[in-house]
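These notes are about the structure you will find just below.
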There are 2 protein chains.
Amino acid sequence: MQNSKALFSPIREKRTFERVSAKIKRLILDGVLKPGDHLPSEIELARQFDVSRQTLREALRILELTGFITVQKGGSGGPLIQDTLMNSISNLYLDAFQMEKITIEELTVIRCDIEKSMLNHVIDKSVEADFAALEANLIEASRKIEDNQPAIHENIEFHNILAKASKNNVYPVVVGSIAAATRDLLTRLIDETLSEKGLSEYDENMVNTKVAVVSHKAILAAIRKRDKKTAVQLLEQHLHEVGNRLKKLAK
Amino acid sequence: MQNSKALFSPIREKRTFERVSAKIKRLILDGVLKPGDHLPSEIELARQFDVSRQTLREALRILELTGFITVQKGGSGGPLIQDTLMNSISNLYLDAFQMEKITIEELTVIRCDIEKSMLNHVIDKSVEADFAALEANLIEASRKIEDNQPAIHENIEFHNILAKASKNNVYPVVVGSIAAATRDLLTRLIDETLSEKGLSEYDENMVNTKVAVVSHKAILAAIRKRDKKTAVQLLEQHLHEVGNRLKKLAK
DNA sequence: TCACATTTGTCCGTATGTATC
DNA sequence: AGATACATACGGACAAATGTG
């Protein structure tokens with residue numbers, strides 16, 4: 001009898017560019033290649049893998065789209081290894097939204113569910129350094145608002161810092177991707193309505209970021225007091241506000 | 001002040017293959033091209049877009065990876081429009097989890113958190129058809145067990161059916177991804193220690209699948225009664241058992 | 001500021017394997 | 001079984017962009 005490996009071996013051999021991209025991906029996942037590292041140039045990579053440049057480029061496209069690398073032209077350019085796949089996941093969520101596979105409500109609901117669970121861990125596990133990071137985020141956000149800039153990035157980052165404070169490495173991935181998706185959805189919807197309705201949206205946007213920062217401050221205070229009930233309640237309310245804002249923009 | 005659209009307009013002109021893939025994607029999103037439709041062949045597409053084969057192929061790679069199309073070789077083959085975008089998101093999550101150094105414990109904890117939240121929606125939203133699907137799953141699992149086969153696949157599927165019953169399309173993606181990541185990590189760990197362990201695992205495995213099916217039956221009964229408290233409690237206990245079993249396997 | 005080297009982006013032509021009719 | 005249609009893969013070439021000296 002043949003061994004099971006031979007019995008269940010893939011029906012069709014993988015294409016060359018798939019094997020190449022899988023190989024590079026494995027090197028990254030195993031830590032042999034680290035974020036920030038430059039890969040050799042296309043020509044050099046093609047030579048080392050003994051494939052044509054066309055094949056290698058198709059492999060690079062896969063790695064680029066999945067977020068493992070970016071590519072820069074010109075001298076000292078080339079493929080550059082990245083450290084996060086958040087943007088790629090977020091982009092796919094946007095596609096899914098456009099294909100009407102998911103709705104704003106669904107995204108909001110699951111985000112609320114997950115972040116509430118996360119917050120419980122945060123209150124159990126967070127230490128002084130986490131408070132400091134959150135505090136720094138709020139200060140930066142306030143500064144931007146005083147400069148009359150919407151602190152969109154900082155407001156997303158607040159949730160990412162929270163995820164890290166849960167001391168569970170899965171939470172930053174899940175929360176980060178969904179948060180990024182809502183952010184991208186938000187900016188896109190604002191961009192679309194901006195051209196139609198004029199600049200009035202801008203002010204509303206400023207008001208909303210201000211409201212978000214206030215909510216964040218209240219949540220941090222509750223976390224500091226290790227007050228689960230209040231913290232969860234504030235978070236829930238905050239995320240519902242964000243969801244409603246999205247819904248209003250989408251209409 | 002300029003509006004934000006001009007401020008954040010793309011730094012560099014998009015590459016040709018990006019424009020091509022975006023164009024095709026747009027046709028799919030707008031419903032002009034529907035799942036099941038055949039795209040023209042590479043050569044024909046290249047001719048119509050007036051780009052080279054290589055450029056067009058890179059565009060196809062993007063569409064393929066994002067789940068918009070598959071590609072078939074041979075006569076009357078060619079690019080075929082698909083609808084597997086949600087699968088692509090799951091695959092990306094799997095990559096993202098692997099990039100973080102994640103442990104079985106972390107995965108177990110977050111799985112328990114998320115499935116508990118999910119179960120609440122299931123109890124609110126599930127209909128008779130969902131019960132039927134779950135019931136069918138349990139019957140199939142029981143049948144396999146009577147044949148002395150471990151119903152591993154069926155037991156995993158039970159949770160996927162639950163995720164669908166939540167009526168939130170994001171849940172199947174997240175829950176499925178975490179389950180897939182757990183399996184992936186586990187097989188990795190087991191492969192490493194395979195030489196030490198013998199086939200004695202098999203009997204234990206059978207016992208565990210039996211226990212799991214019993215738990216699943218109890219959970220379904222609670223869902224049918226719309227008894228949130230009991231259902232969540234049973235699920236939590238069940239996932240803790242699974243977690244402990246995985247921990248033992250991984251050691 | 002300007003030329004140069006490096007690297008990606010793009011195109012063309014060709015050959016081969018494979019699935020379908 | 002043979003012809004056809006298609007993706008896959010290779011090699012060579014030039015253009016465009018970008019950092020460096």
Side-chain angles (χ1 to χ4, degrees), chain A residues 9-25 27-28 33 35-82 87-88, chain B residues 9-25 27-28 33 35-82 84 88:
Chain A
S9 64
I11 306 299
R12 80 166 177 182
E13 283 298 317
K14 273 188 181 166
R15 294 167 288 186
T16 308
F17 64 81
E18 286 176 306
R19 288 206 298 270
V20 171
S21 70
K23 175 73 178 173
I24 296 176
K25 190 163 102 177
L27 290 174
I28 297 174
L33 299 172
D37 287 355
H38 271 283
L39 262 61
S41 71
E42 288 180 0
I43 295 176
E44 178 61 17
L45 280 172
R47 199 187 59 76
Q48 291 192 25
F49 283 116
D50 193 27
V51 297
S52 73
R53 215 180 133 212
Q54 159 144 359
T55 300
L56 187 105
R57 276 179 66 81
E58 291 183 40
L60 289 187
R61 288 293 83 72
I62 292 177
L63 294 171
E64 189 181 28
L65 196 81
T66 47
F68 281 104
I69 64 167
T70 56
V71 176
Q72 286 173 334
K73 270 211 261 195
S76 80
L80 182 64
I81 298 178
Q82 299 293 308
N87 290 334
S88 310
Chain B
S9 65
I11 306 297
R12 71 169 177 185
E13 281 300 316
K14 274 187 181 167
R15 296 167 287 187
T16 308
F17 64 81
E18 286 176 304
R19 288 205 297 271
V20 171
S21 70
K23 175 75 179 172
I24 297 177
K25 192 162 101 178
L27 290 175
I28 297 174
L33 300 172
D37 286 354
H38 270 284
L39 261 60
S41 71
E42 282 184 4
I43 295 177
E44 180 60 18
L45 280 172
R47 198 187 60 74
Q48 292 193 24
F49 283 117
D50 192 27
V51 298
S52 71
R53 290 281 304 282
Q54 162 133 6
T55 299
L56 186 104
R57 277 179 66 80
E58 291 184 37
L60 290 186
R61 289 293 84 76
I62 292 177
L63 294 171
E64 191 179 25
L65 198 80
T66 44
F68 284 107
I69 67 167
T70 57
V71 177
Q72 289 171 337
K73 281 203 275 196
S76 82
L80 181 65
I81 298 184
Q82 296 280 314
T84 56
S88 303

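Proteins get letters first, then strands, A, B, ... in listed order; numbering begins at 1 in each. No experiment lies behind these values; they were computed from the predicted model shown.
If you measure from atom CD of A:Q72 to atom C1' of D:dT20, you get 15 Å, rounded to the nearest angstrom. When the C1' atom of D:dA7 is taken as reference, atom CD1 of B:I69 falls 12 Å away, rounded to whole Å. In this entry the distance linking CD of A:E18 with C1' of D:dT8 reads 11 Å, nearest Å. At whole-Å resolution of the value, CD in B:E58 and C1' in C:dG9 are 8 Å apart. At whole-Å resolution of the value, NZ in B:K14 and C1' in D:dA17 are 19 Å apart. When the P atom of C:dG9 is taken as reference, atom CZ of B:R57 falls 17 Å away, rounded to whole Å. A straight line from CZ of A:R19 to P of D:dT8 spans 13 Å, rounded to a whole angstrom.
Across residues 37-48 of chain B, B:S41, B:E42 each have a non-hydrogen atom less than 4.0 Å from an atom of DNA chain D (numbered order).
Not one N or O on the side chain of B:R53 forms a donor-acceptor pair closer than 3.5 Å with the backbone of B:E42. Judged by distance alone, with hydrogens and angles left aside, the side-chain atoms of B:T84 form a donor-acceptor pair with the main-chain N or O of B:G67 at under 3.5 Å. At least one donor-acceptor pair closer than 3.5 Å links the side chain of A:S88 to the backbone N or O of A:L65. Distance alone, capped at 3.5 Å, places no donor-acceptor pair between the A:S41 side chain and the A:G78 backbone.
Listed pair A:R61 / C:dG9 meets the phosphate criterion, a side-chain N or O lying under 4.0 Å from OP1 or OP2.
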Every protein N/O lying under 3.5 Å from an N/O of nucleotides 10-16 of chain D:
| unit_1 | atom_1 | unit_2 | atom_2 | d |
| --- | --- | --- | --- | --- |
| D:dC10 | OP2 | A:S52 | N | 2.9 |
| D:dC10 | OP2 | A:S52 | OG | 3.0 |
| D:dC10 | OP2 | A:T55 | OG1 | 2.6 |
| D:dC10 | N4 | A:Q54 | OE1 | 3.3 |
| D:dA13 | N6 | A:R53 | NH1 | 3.2 |

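Comparing A:G75 and A:F17 against DNA chain D, the residue whose closest nucleotide sits nearer the 5' end is A:F17.
Proximity of A:R61 to B:E64: side-chain heavy atoms (C-beta onward) are nowhere separated by under 4.5 Å. Looking only at side-chain heavy atoms (C-beta outward), B:F49 and B:I24 come within less than 4.5 Å of each other. The shortest distance between side-chain heavy atoms of B:F17 and B:V51 does not fall below 4.5 Å.
Atoms CD1 and CG, from A:I81 and A:L27 in turn, are 8.5 Å apart once rounded to the nearest 0.5 Å. To the nearest 0.5 angstrom, A:E18 atom CD is 10.0 Å from A:K25 atom NZ.
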